[in-house]
Amino acid sequence: STPSTPAPVEAEVVEVGAGRPEDVSRVAARLRGAIVLATPSGATLDEVIYNFYRTPALANELKAAGAAALLIASDKQNTMLYTAPVDFNTSGRLAPLPSLNIAREDVGLLQRLAAGRQKPRVRLDVQNKIGGAFESTNVIGEIVGRERPDEIIVVGAHLDSNDLGPGALDNAAGSGAVMEAARAIKALGLQPRRTIRFVLFMGEEEGMLGSLAYVRRHQDEMDRTVAAIIMDVGAGRPLGWFSMGRTDLDEQLRELMKPLAHLGVSVIEHAAFAATDNAPFMAEGVPNLILLQDESSYFPVHHTIADTTDKVVPRDYAAAVATVTATAYAIADQANRFGRRMTAAEVKKMAAETKVDEQWRAAGIWK
Ligand SMILES: [Zn+2]
């Protein structure tokens, strides 16, 4: 959350490009007292994740340089605003300096004025009221396994959303998929060999708080948690799976995708990142998958007022839900256990190689 301005503040606008460290040093001499405009791009998952972890550091660097406030350009269309946390914490700590999102059209106006050799000035009067910390709960249900009930497949998505939009794609779509998976398996009268646990996590948008709390609370189950299957890329058609830095699951994943080939499910993406509720499981070495989906309908509305149900294409969404459901059931019911838990040393090596360790530290998953 942004702090308020103690009194209205008016200052010259200084552009800091995309807000990368080198951008900040380039204009360092002009930052004192300035209202700083950053224009990061958030068109792809990689960029969104970069911004997610870069913004807290950017705000701290600007504060240290004496800047008065930070304006973060929305990369969405026209006057649509975007929201994301400037800082992760559970203590109610505010961002280091007043930080606001500014629509693309307003950014364009400021940039045209600056290009015309005028020095645009902005006046800010930020009055933000925040409530105190409160307790929230994950919602959990399960279908107990018939042969190995102590082995658990977690199927999860986050129930919370960001405050600008209703969160239809981020992440009612994932939450709906989790509930539909439970309903469909139950309605078919199926009882898999292992237990499937359906989890709606809270507090994901503030830094994966619900999944982090789950993994801490269920620490003694991590050896027998077979996999965590997470959905959090909207309602687009399914393409395959993010395997989160692991290549040892490829053969089994290809086998699992075979019956789903007619839906277009065929891709394994090995990238590892800590951006949703799989991350605490990844840090435990538990096989963790995120459904890889067509993102083209997702990022244009991600964390905006336009994240509404009309963006859902029913057939694409149904295919995504079917993929999650069939895969969770297959992993729970197959004779041989899916994958294995990585050792702490293997997790450390993978995290260093993929640089996901820096993200885990920033998010408090790793101390
Ligand atoms: Zn999400």
Side-chain angles (χ1 to χ4, degrees), residues 42-53 55 74-76 80-86 88 90 101 136 138-139 154-181 198-215 228-239 241-242 244 269 271-282 288-309 311-312 316-317 320-321 323-324 356 359-360 362-365:
T44 65
L45 184 60
D46 281 351
E47 289 175 335
V48 168
I49 293 167
Y50 176 81
N51 297 338
F52 194 63
Y53 286 102
T55 309
S74 169
D75 71 312
K76 310 302 178 197
M80 251 160 55
L81 295 171
Y82 173 79
T83 186
V86 176
F88 319 109
T90 51
N101 197 254
S136 187
N138 294 332
V139 182
V154 171
V155 181
H158 66 87
L159 190 55
D160 60 311
S161 62
N162 252 302
D163 53 0
L164 274 182
L169 301 188
D170 185 13
N171 193 1
S175 299
V178 170
M179 291 191 289
E180 174 59 13
F198 304 91
V199 188
L200 302 179
F201 295 108
M202 281 302 289
E204 190 273 345
E205 299 290 3
E206 290 80 19
M208 302 159 271
L209 305 180
S211 47
L212 194 49
Y214 174 95
V215 164
I229 299 173
I230 303 293
M231 191 168 146
D232 192 12
V233 198
R237 68 190 169 84
L239 304 173
W241 296 100
F242 284 105
M244 293 293 137
E269 176 59 68
F273 48 84
T276 183
D277 294 311
N278 68 297
F281 294 92
M282 180 174 27
N288 60 108
L289 306 170
I290 301 176
L291 185 66
L292 178 67
Q293 296 170 263
D294 175 5
E295 303 168 357
S296 60
S297 61
Y298 185 64
F299 286 110
V301 302
H302 180 242
H303 293 191
T304 75
I305 197 170
D307 183 359
T308 48
T309 50
K311 311 304 184 303
V312 177
D316 292 346
Y317 180 47
V321 176
T323 300
V324 167
V356 82
Q359 298 177 356
W360 285 342
I365 293 170

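All heavy atoms count here, side chains included; hydrogens, waters and symmetry mates do not. All ligand and atom numbering here is 1-based and tracks the order in the structure.
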Looking at V48, L169, L45, which hits side chain to side chain contact (heavy atoms under 4.5 Å, CB included) with Y298?
L169
Where is the tightest heavy-atom contact between A43 and F299, given as atom of each residue plus distance?
O-CB, 3.8 Å
Could you please tell me which protein N, O or S atoms lie under 2.8 Å from the Zn ion (ligand 1)?
H158 NE2, D170 OD1, D232 OD1, D232 OD2
Can H158 and D277 be counted as having a side-chain donor-acceptor contact under 3.5 angstrom?
no
Contacts of E180 meeting salt bridge (charged side-chain N to carboxylate O under 4.0 Å, His left out) (sequence neighbours excluded), chain-then-number -> R183
Would you please say whether a donor-acceptor pair under 3.5 Å links the side chains of S296 and D294?
yes
E295 and H302: side chain donor to acceptor below 3.5 Å:
no
